[in-house]
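What follows is one structure encoded as structure tokens, with my remarks underneath.
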Amino acid sequence: MGTAAAVRESFQTENLSIFYGTYEAVKGISLPFAQNTVTALIGPSGCGKSTFLRSLNRMNDDISGSTTKGSIWIDGVDINASGTDVIKLRQKIGMVWQKPNPFYKSIYDNIAFGPKYHGIKNKKELDQIVESSLRRAALWDEVKDRLKDSALALSGGQQQRLCIARALSVNPQILLLDEPASALDPVSTGKVEELIKELKEELRIVIVTHNMQQAARISDFTAYFYLGSLVEYDKTEKIFSNPDNQMTQEYIMGRFG
Amino acid sequence: MSVKPKKTKLEKHHIEDFIGRSYMSLCVLLLIVIIVSMVYFVASKGLANFFSGRVSLSEFFGGTKWAPDADTPSYGALPFISGSFLVTLLAALIASPLSICAALFMTEIVPSWGKKLLQPVIELLSGIPSVVYGFVGLSVIVPFLRDTFPGQGIGVAAGALVLSVMILPTITSVAADALAALPQNLKESSFALGATRWQTISRVILPTTFPAIMTGVVLGMARAFGEALAVQMVIGNAPFVPKSLFESASTLTSVITLGMGNTTMGSTHNNALWSMALVLMLMTFLFVLVVRMLERRNKI
């Protein structure tokens with residue numbers, strides 16, 4: 001694991017452990033996330049990768065009985081320390097879930113929702129945020145004529161891109177994606193993957209995925225988790241062509257997990 | 001080599017299946033017969049006065065004078081209809097905010113122990129017999145109202161307060177179920193945008209569950225509308241359209257229970273009471289219809 005903490009990135013975890021009660025779901029993981037890269041977290045179900053992802057914007061705070069130890073550094077600040085303004089933090093770190101979960105509102109209101117929280121009331125400004133967010137999520141052309149329609153009328157793939165647009169609406173620096181394409185058909189998956197590649201030009205992305213090909217296609221770095229531990233972390237080409245660890249190789253080849 | 005499938009023999013499980021199916025069909029049929037005949041019975045009795053011309057529709061629904069025993073009897077049911085609607089609406093207005101807050105408290109604010117604490121309390125509340133509610137209302141609420149406001153204490157306000165406590169569990173449990181059924185990650189995506197808990201509750205959770213919560217409110221209103229005993233004990237039972245919340249009034253249910261024993265079957269007075277029963281029944285149907293519509297909207 002020597003590579004992990006070698007260079008201090010502006011966003012990285014250090015010895016991050018997450019407990020559910022006394023059970024240690026994530027065991028002392030240090031991972032860097034470089035600017036303008038996609039980092040894929042892979043591993044069999046229950047290996048702690050989703051838990052790890054959720055802890056990065058303190059989503060686990062809301063689960064009773066969970067405690068997090070260690071540090072999450074963003075620009076030299078440990079956001080895992082008590083006293084962190086979690087509300088502010090979450091504007092910096094957006095998140096998208098496995099199942100598309102638009103609010104039961106119009107397309108427009110879904111996007112304008114976050115900015116409105118943060119005090120933007122000017123209609124023109126909101127219009128602009130809605131348009132730019134939808135454009136960045138490559139959804140604008142498909143929905144620009146029906147912004148007032150219910151978001152639930154969109155297809156699954158469109159809904160997921162809407163959720164990405166919604167996450168982008170508050171201008172995060174980091175985007176966390178929890179299996180964002182696993183509930184989508186191949187065409188929609190392709191669109192979401194394309195989108196991820198484009199978005200990494202502006203921010204850094206951490207993605208949990210069960211799809212090996214997807215990890216290989218879109219990520220720059222890959223971290224293989226097993227039973228709450230980080231088994232191997234390296235450049236994606238290295239992990240997928242010549243991993244150091246036997247277990248990683250077997251998992252990637254589909255022989256295990 | 002193909003063998004023609006033999007006609008299946010009648011085996012034990014076929015017979016079991018047949019018996020089970022017939023038994024169930026019979027039960028359902030019986031249920032339908034009971035409901036239909038009840039509706040028919042109430043309707044035939046309730047409409048008798050109007051068909052025979054002894055009471056006109058306008059007199060019944062528009063008349064404010066209820067004097068069945070007078071020399072020239074009059075059968076205006078408006079006091080009772082308005083009384084019923086008034087106590088029901090007031091009870092819903094009082095109980096809804098309390099119930100919704102209670103439901104939010106146990107599902108959103110402190111899901112760890114809120115539910116454990118409040119669930120049994122709510123079940124207990126819904127299990128208390130209505131006569132006990134009425135009795136408590138008569139000995140606690142009525143004296144309180146009498147000392148605080150002008151009037152005798154008995155009246156619409158007392159009835160609405162008693163009813164609001166009675167429908168509290170209905171609304172709370174329906175609302176709590178609706179809140180608990182909300183997809184977890186809908187809340188999370190609001191939090192992930194940097195929303196506070198209050199913003200999430202007021203702008204995501206409540207709007208999303210609104211139709212389901214309204215279902216609870218309407219169910220509560222249906223219960224309030226049909227409740228007889230507890231209201232009758234505290235409302236005073238004066239046959240007048242209430243002009244003040246602290247004046248004695250009547251509801252459809254209370255006038256039926258009070259009058260039923262003193263009339264003879266088939267008399268105009270008796271049939272007028274049946275007309276009120278019919279109004280009650282139709283209102284209940286309406287409540288059920290509204291609930292159905294809300295549920296359909298809820299699915300989107």
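Values below: all heavy atoms of this structure, side chains included; hydrogens, waters and symmetry mates excluded.
- Put simply, CG on B/L193 and CD1 on A/I93 are 13.0 Å apart, with the number rounded to the nearest 0.5 Å.
- No part of A/L176 comes within reach of chain B, as not one of its non-hydrogen atoms sits under 4.5 angstrom from that chain.
- The ring pair (Phe, Tyr, Trp, His ring centres under 6.0 Å) pairs that include a residue from residues 92-112 of chain B are B/F105-B/W113, where partners are two or more places apart or lie in different chains.
- A 4.5 Å side-chain heavy-atom check between B/E188 and A/M95 finds every atom pair outside the cut-off.
- For A/R166, the parts lying near chain B are the backbone and the side chain together; criterion is any non-hydrogen pair under 4.5 Å.
- When the shell of 6.0 Å around NZ of A/K197 is examined, it contains more than 12 heavy atoms from other residues, nucleotides or ligands.
- Of the two parts of A/K92, neither the backbone nor the side chain holds a non-hydrogen atom closer than 4.5 Å to a non-hydrogen atom of chain B.
- Dense packing is recorded around CZ of A/R146, with more than 12 heavy atoms of other residues, nucleotides or ligands lying under 6.0 Å away.
- Contact annotation for B/S202: neither backbone nor side-chain heavy atoms come within less than 4.5 Å of a heavy atom of chain A.
- Residues A/F103 and B/S189 have side chains in contact (heavy-atom distance under 4.5 Å, counting atoms from C-beta outward).
- Residues of residues 111-123 of chain A placed with any heavy atom under 4.5 Å of a heavy atom in chain B are listed by number as A/F113, A/G114, A/K116, A/Y117, A/H118.
- A/F19 CZ: more than 12 foreign heavy atoms inside a 6.0 Å radius.
- Applying the 6.0 Å contact sphere to CD of B/Q119 captures more than 12 heavy atoms from other residues, nucleotides or ligands.
- One finds the NZ atom of B/K187 at 12.5 Å from the CG atom of A/N101 (value rounded to the nearest 0.5 Å).
- In terms of heavy-atom pairs under 4.5 angstrom with chain A, the leader among B/P207, B/S190, B/P183 is B/S190.
- Listed by first then second residue, pairs satisfying salt bridge (Lys or Arg N to Asp or Glu O under 4.0 Å) with a partner in residues 147-163 of chain A read A/E142-A/R161, not counting sequence neighbours.
- Between B/L186 and A/Y104 there is a side-chain heavy-atom pair separated by less than 4.5 Å.
- Contact of B/R197 with chain A is not made at all, since no heavy-atom distance falls under 4.5 Å.
- Annotation: maximal heavy-atom pairing with chain B below 4.5 Å, among A/I87, A/D85, A/V170, A/N57, occurs at A/I87.
- By the neighbour-count criterion of 12 heavy atoms within 6.0 Å, atom NZ of A/K99 is sparsely surrounded, having that number or fewer from other residues, nucleotides or ligands.
- Neither the backbone nor the side chain of B/S112 comes within less than 4.5 Å of any heavy atom of chain A.
- Under the salt bridge (charged side-chain N to carboxylate O under 4.0 Å, His left out) criterion, A/E198 pairs with no residue, sequence neighbours left out.
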